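To keep things clear, I will list the structure first and then write my remarks on it.
None of these values were measured; they are calculated from a predicted model.
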Amino acid sequence: MKRQAYEPILITDAPRSQDDQLTSRQRRYVVMMSIRAACLVAGAVLVGVEAPLLWLWLPLCGIGMVLIPWLAVLIANDRPPKEEHRMFHRVPRREAPPPRSLAATEERPHRVIDAEL
């Protein structure tokens, strides 16, 4: 992005560093995979103790074990959203047409108003 010489550069305009982005994505991935492992352990414990409503809890744990890895990979590979102002530079702007002037035949005579003081 090109900046004019007179525009101040704000630190809030700077994007996050690649290392920060990678670290946050790795943390999200580890948290989600930990939830998956917890679903696996919870499912095994529920089967072992023959919990009531096993027909409800076991499919929920199974769905968690199947969907969470898929979502974890999608989120880990996701990049931050693009900044809005970057898109405005790519879209050509239409300039307003010049104002239409009245033709000589359409011109109105100027009125002179005498003001009494």
Any chain of hydrophobic side-chain contacts (each under 4.5 Å) joining Ile35 to Trp70? yes
Checking Pro69 now: which residues fulfil side chain to side chain contact (heavy atoms under 4.5 Å, CB included) with it, not counting sequence neighbours? Met33, Arg36
Mind checking what makes side chain to side chain contact (heavy atoms under 4.5 Å, CB included) contact with Ile63, not counting sequence neighbours? Leu67
Following the transitive rule for hydrophobic clusters with a side-chain heavy-atom cut-off under 4.5 Å over Ile, Leu, Val, Met, Phe, Trp and Tyr, establish whether Ile68 and Val31 coincide in one cluster. yes
The side chain to side chain contact (heavy atoms under 4.5 Å, CB included) partners of Ala51 (sequence neighbours excluded) come to Leu46, Val49
Starting from Leu22, walk the hydrophobic network (Ile, Leu, Val, Met, Phe, Trp, Tyr; side-chain heavy atoms closer than 4.5 Å) and list everyone else you reach, by chain and number. none
Please write out which residues are connected to Leu40 in a hydrophobic cluster, directly or through intermediates, given that two of Ile, Leu, Val, Met, Phe, Trp, Tyr count as joined at side-chain heavy-atom separations below 4.5 angstrom. Met65
Looking only at heavy atoms, what is the nearest atom pair of Val47 and Leu58, with distance? CG2-CD1, 3.7 Å
Keeping to residues at least two apart or across chains, list the side chain to side chain donor-acceptor pair (under 3.5 Å) pairs with something in residues 20-34. Arg16-Ser24, Ser17-Asp20
